Amino acid sequence: MSASPSGHGTSRTRSWWGWGYAGSHPDDAECVALGALLPGTLARPLPIPRVADLAIDRPGVTPPPSLAHLVSTDPEVRAAHAMGKAYRDIIRALRGRPGRIPDLVAHPAGDQDVADLLDWAGGQGVAVIPFGGGSSVVGGVEYRGDAHRAVLSLDLTSMDRVLEIDTVSRSARIQAGALGPVLEEQVRPHGLTLRHFPQSFEFSTLGGWLATRAGGHYATGRTHIDDFVQSLRVVTPAGTSTSLRLPASGAGPSPDRLFLGSEGTLGVITEAWMRLQERPRHKASASVAFADFTGALEAVRVIARSDLSPANCRLLDPGEALLSGASRDGSSVLVLGFESATAPVGERLAHALELARAYGGRSRVPAPEKAATSPAAAEVPADAAVSAWRSAFLRMPYLRDGLARMGAVVDTFETAATWDRIPALIDAVRTEVGSAALKATGHPATVNCRLTHVYPDGAAPYFTVAVAGRPGEEVGIWDDIKAVASDVLHRHRATITHHHAVGRDHRPGYDLQRPEPFALALRAAKDALDPHHILNPGVLID
């Protein structure tokens with residue numbers, strides 16, 4: 001085993017109010033151009049918000065001298081930890097109403113710091129909100145209510161080291177505060193990768209992925225972070241839990257499963273042993289156009305049931321394909337990609353294309369397969385549609401913020417259901433969410449759909465909703481639309497979330513989805529592990 005040096009990522013400035021980096025958002029002219037796509041938006045964009053314009057109260061509590069060196073009261077630091085990056089967060093910041101700003105922000109350097117902070121907070125009645133990259137889009141890292149004396153945001157990004165790498169077992173012990181690029185930078189010299197790349201990869205941490213059961217970019221196989229976990233270390237107010245590192249076990253309920261997806265309500269994940277993989281050396285991709293979306297769904301279902309295991313199998317409906325630039329003729333587009341660390345993948349791609357053609361797909365001839373000699377070479381796309389989709393995928397959150405500056409109500413939500421329910425589910429969401437948006441705003445809405453992950457027994461539809469809002473009422477409008485969407489998912493027996501967690505925004509849908517005996521057990525676990533109820537109050541359970 002070997003220890004890896006710590007890396008601290010990029011020095012670029014993160015936006016306190018919006019997605020990603022401060023210098024990457026659309027300028028005013030681009031915002032106006034975006035707004036022109038949605039009739040009824042503002043004539044000029046809302047100004048970029050400034051921390052100096054916020055009413056930030058003095059901290060309501062002072063840490064003891066033994067912890068003072070871990071804690072910041074700087075207004076800009078506190079503002080940056082007040083919310084996540086959901087649409088309702090962005091528009092609240094633009095309107096100067098970010099909600100409850102934490103009194104303190106702590107940056108623990110190790111497990112003992114975390115334990116000491118939790119012990120102090122429990123005695124003082126201070127709510128503790130575990131914070132990684134702050135990329136939550138479901139209200140998972142903010143405080144709502146007034147039941148606690150003060151609020152402490154517990155930022156783990158100083159705990160970002162890969163502590164050990166076991167090349168024999170191909171796994172690593174990693175601190176939970178490691179951002180995606182920081183983590184990959186430390187395992188790359190060993191020819192290894194975690195191979196978990198959510199859209200928020202640059203701006204989210206291992207601990208955040210684990211606490212939210214995050215889904216990665218890959219469409220089949222190991223898609224959720226759960227699949228990579230060997231063991232977890234979790235600091236709770238009642239003590240520290242460290243599970244045994246194993247490839248598999250049948251010894252009772254899994255202790256790791258208790259904390260995976262617990263969203264910081266039961267404890268703070270500080271370390272994990274994670275399964276790694278060899279970095280891929282062979283990649284190939286292509287796109288397939290379909291005139292009929294129903295035929296495209298069938299093609300994807302058949303590919304998902306095959307043993308081909310594509311790394312990418314994303315189906316874009318006509319609106320999503322147009323938005324990303326993958327198609328401009330009203331076609332749906334399937335983006336296929338394969339990769340391997342050991343063998344060429346061209347035959348697998350050819351077989352998938354053959355299956356797609358049987359359901360009306362028109363495939364472009366893929367470029368010759370690349371044997372990757374470097375990460376950059378491995379990323380060369382096969383055709384223009386794949387390239388357009390990839391660029392749009394990375395740029396889309398910034399464009400959403402640009403539309404928000406124009407007063408638009410625009411966001412995404414995702415779900416999963418079995419194949420027998422997918423067509424009716426997609427139709428119902430398009431119809432009912434579109435009608436709700438029209439009723440709430442008086443403007444027609446765009447409701448697009450794509451499949452992001454596929455399984456032999458079902459799929460994960462991901463919806464984009466955009467409509468011109470009413471000035472100053474955007475949050476209420478989105479809440480109304482969200483409630484309708486959640487109702488549709490519940491009626492069609494689809495999950496309230498496939499990979500974006502529950503947070504506070506999905507709580508009503510989660511309460512309907514979970515069995516009541518499980519809710520009783522979860523409440524008992526909360527009482528036992530967090531007796532003062534200071535950890536992320538309002539998430540998952542009361």
Side-chain angles (χ1 to χ4, degrees), residues 13-28 30-35 37-38 41-42 44-51 53-54 56 76 78-102 131-144 153 198-200 202-204 208 323 393-414 437 440-441 445-446 463-482 485 500-501 503-506:
T13 302
R14 288 281 300 275
S15 171
W16 78 267
W17 66 273
W19 182 264
Y21 296 115
S24 297
H25 287 90
D27 60 20
D28 287 3
E30 188 176 0
C31 287
V32 171
L34 288 168
L37 302 175
L38 287 176
T41 53
L42 302 175
R44 61 178 61 88
L46 296 170
I48 298 292
R50 302 188 312 159
V51 173
D53 295 331
L54 300 178
I56 301 179
E76 292 199 8
R78 291 168 61 193
H81 288 74
M83 302 178 299
K85 302 302 182 185
Y87 167 79
R88 69 191 319 276
D89 302 329
I90 306 307
I91 197 68
R92 284 187 296 162
L94 289 168
R95 293 293 185 185
R97 300 191 294 267
R100 175 72 178 267
I101 293 174
F131 194 99
S135 62
S136 171
V137 292
V138 292
V141 294
E142 66 177 272
Y143 181 86
R144 296 179 189 172
S153 179
Q199 189 177 35
S200 62
E202 286 185 275
F203 314 113
S204 54
L323 188 66
F393 176 76
L394 296 174
R395 182 66 176 154
M396 193 57 65
Y398 292 104
L399 300 182
R400 177 207 62 176
D401 292 359
L403 282 167
R405 289 187 62 200
M406 296 303 297
V409 178
V410 53
D411 211 352
T412 60
F413 64 94
E414 30 67 59
T441 67
T446 296
F463 298 94
T464 302
V465 183
V467 64
R470 292 195 302 269
E473 300 180 35
E474 297 93 347
V475 171
I477 291 170
W478 177 243
D479 287 344
D480 291 344
I481 294 172
K482 188 76 168 180
H500 277 163
R504 293 165 178 83
D505 296 345
H506 286 157

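It should be emphasised that the depicted structure is a prediction, and the values quoted were computed from it without experimental measurement.
How far CG of Leu94 is from CD1 of Ile48: 7.0 Å, rounded to the nearest 0.5 Å. Of the inter-residue distances, the one linking Leu403 atom CG with Glu30 atom CD reads 9.5 Å to the nearest 0.5 angstrom. Annotation: the span from Glu202 atom CD to Ser135 atom OG amounts to 11.5 Å, rounded to 0.5 Å. Between the CE atom of Met406 and the CG atom of Asp28 there is a distance of 9.0 Å, given to the nearest 0.5 Å. With rounding to the nearest 0.5 angstrom, the NE2 atom of His81 is 12.5 Å from the CD1 atom of Ile101. Of the inter-residue distances, the one linking Leu399 atom CG with Leu323 atom CG reads 8.0 Å to the nearest 0.5 angstrom.
Under the 3.5 Å distance criterion, the side-chain polar atoms of His500 are left unmatched by any main-chain donor or acceptor of Phe413. Arg405 contributes no side-chain N or O that, together with a main-chain N or O of Pro45, makes up a donor-acceptor pair within less than 3.5 Å.
Trp16 is listed as a side-chain neighbour of Pro49, based on a closest heavy-atom distance under 4.5 Å. For the pair Lys85 and Asp401, the minimum side-chain heavy-atom distance is 4.5 Å or more. In this structure the side chain of Arg95 reaches within 4.5 angstrom of the side chain of Pro471, judged on heavy atoms. Put simply, the side chain of Ile91 does not reach to within 4.5 Å of the side chain of Val409, judged on heavy atoms. Ile90 is not listed as a side-chain neighbour of Trp19, based on a closest heavy-atom distance of 4.5 Å or more.
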Query raised in the report: side-chain contact (heavy atoms from CB on, under 4.5 Å) between Val51 and Ile56: does it pass, once the steps are laid out?
Result: CA-CA 9 Å; Val51 173; Ile56 301 179; 4.0 Å; yes

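Across every non-hydrogen atom of Ala408 and Thr41, the tightest pair is CB-CG2, 4.2 Å. The two residues Leu38 and Val467 make their nearest non-hydrogen contact at CD1-N, 4.0 Å. Pairing each heavy atom of Ala501 with each of Val138, the nearest pair is O-CG1, 3.7 Å. Contact detail for Phe131 and Ser153: the closest heavy-atom pair is CB-OG, 3.6 Å. Residues Ala466 and Val410 come closest through the heavy atom pair CB-CG2, 3.9 Å. Taking each heavy atom of Ile477 and Arg470 in turn, the nearest pair found is CD1-N, 3.6 Å.
Contacts of Arg14 classified as side-chain hydrogen bond (donor to acceptor under 3.5 Å, both in side chains), with partners at least two apart in sequence or in another chain: none.
Relative ring orientation between Tyr398 and His25 is described as perpendicular, the plane-to-plane angle rising above 60° on a 0-90° scale split at 30° and 60°.
With respect to Asp89 and Arg92, a salt bridge is recorded, a charged nitrogen being found less than 4.0 Å from a carboxylate O. Using a cut-off of 4.0 Å between Lys/Arg side-chain N and Asp/Glu carboxylate O, Arg144 and Asp505 are scored as salt-bridged.
No side-chain donor from either of Glu474 and Tyr87 sits under 3.5 Å from a side-chain acceptor of the other.
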